[in-house]
Each structure stands twice: as C-alpha cells, then as structure tokens.
Amino acid sequence: MDDLIKKLIEVDKTARKSVENAAASRVAAVKELDEKKQKLREENDREFLLQSEKMKKDSLAELESAEKAIAEKENAAAEELSAVYKENCERWVSEAVQNIIGG
C-alpha cells in the first residue's frame, strides 16, 4: 500500500511539473507574441512615417511647382500691362487733357 501511495505521489509530482511546464510555456508564448506584435507595430509606424514624409515631399514639390506657374503667369500679365501702358500712355494723357480743356 505504501508503494501505491508513493507511486501516486510521484505521478502527482510529475503531473504538477507538466502543468507548471505547460503554464511556463504558455507565458513564454504569450510574451513572444507580445514582442512580435510590438515589433510589427514599430515596423508599421516606421513605414507609415516614411510614406508620410514621401507624401509631404511630393506635395511640397507639387505646391512649389504650382506657385512657380502662378508667379510666371502673374509676371507675364504684369509685363503685358506694362507694355500696353507704355504704348498708350502719351495718348491717354493727351486725351485726358483734351477732355478737361475742351470739356
């Protein structure tokens, strides 16, 4: 009978160790999954930052290009108005004086 009790105690000890090992393995697996999840988050964050920086640079380049085109159009319009003014200035002054004097 003592042998049977000793055997049951040994079986119980072995079972407890198996349960402890399984629990430790579970904890280790959960920890490993958490670490992998964190690493994936960090990689995704880095990738997102890289993509947003690229989009920012592309948008700024596009904006600068649009600003340059607008400035060129404004300069062309200003030059055209200046040319019209130079061409017609004397006539306009003369007509204005005639209208005032002749009135």
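None of these values were measured; they are calculated from a predicted model.
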Please check: side-chain N/O of [X] versus main-chain N/O of [Y], any donor-acceptor pairing under 3.5 Å?
X	Y	value
Ser25	Asn21	yes
Ser18	Thr14	yes
Asn88	Val84	yes

Practice problem: Please assess Glu74 against Ile70 for the test side chain to side chain contact (heavy atoms under 4.5 Å, CB included), listing each intermediate value before the final yes or no. | Solution: CA-CA 6 Å; Glu74 288 176 348; Ile70 290 170; 3.8 Å; yes
Self-check item: Worked check of side chain to side chain contact (heavy atoms under 4.5 Å, CB included) between Asp34 and Val30
Solution: CA-CA 6 Å; Asp34 286 343; Val30 167; 3.9 Å; yes
Over 12 foreign heavy atoms within 6.0 Å of [atom1], [X]:
X	atom1	value
Arg26	CZ	no
Gln38	CD	yes
Glu43	CD	yes

Quiz item: Can you list the steps and then say if Lys68 with Glu64 is a salt bridge (charged side-chain N to carboxylate O under 4.0 Å, His left out)?
Solution: CA-CA 6 Å; Lys68 185 178 179 181; Glu64 287 175 2; over 6 Å; no
Practice problem: State, yes or no, whether a side-chain contact exists between Lys39 and Glu35 at a heavy-atom distance under 4.5 Å. | Solution: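 Contact flag for Lys39/Glu35 side chains = no.
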Quiz item: Should Lys37 and Leu33 count as side-chain neighbours, where that means a heavy-atom distance under 4.5 Å?
Solution: no
Self-check item: Single-linkage hydrophobic cluster, 4.5 Å side-chain cutoff, Val93 and Ile101 together
Solution: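 Yes, one cluster joins them.
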Quiz item: Between Asp58 and Lys54, is the closest basic N to carboxylate O distance under 4.0 Å?
Solution: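 Asp58 and Lys54: salt-bridged.
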Self-check item: Cationic N near anionic O, under 4.0 Å, Glu32 to Lys36
Solution: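 A salt bridge is present here (some side-chain N lies under 4.0 Å from a carboxylate O).
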Exercise. Kindly determine whether Arg41 and Asn44 satisfy side-chain hydrogen bond (donor to acceptor under 3.5 Å, both in side chains), including the steps that lead there.
Key: CA-CA 5 Å; Arg41 271 194 196 125; Asn44 285 340; over 6 Å; no
Self-check item: Matching residue for Ser82 among Glu80, Lys86, Glu79 - test: side chain to side chain contact (heavy atoms under 4.5 Å, CB included)
Solution: Lys86
Quiz prompt | Step-by-step salt bridge (charged side-chain N to carboxylate O under 4.0 Å, His left out) determination, Arg16 to Asp12 | solution = CA-CA 6 Å; Arg16 286 179 192 254; Asp12 183 57; 2.8 Å; yes
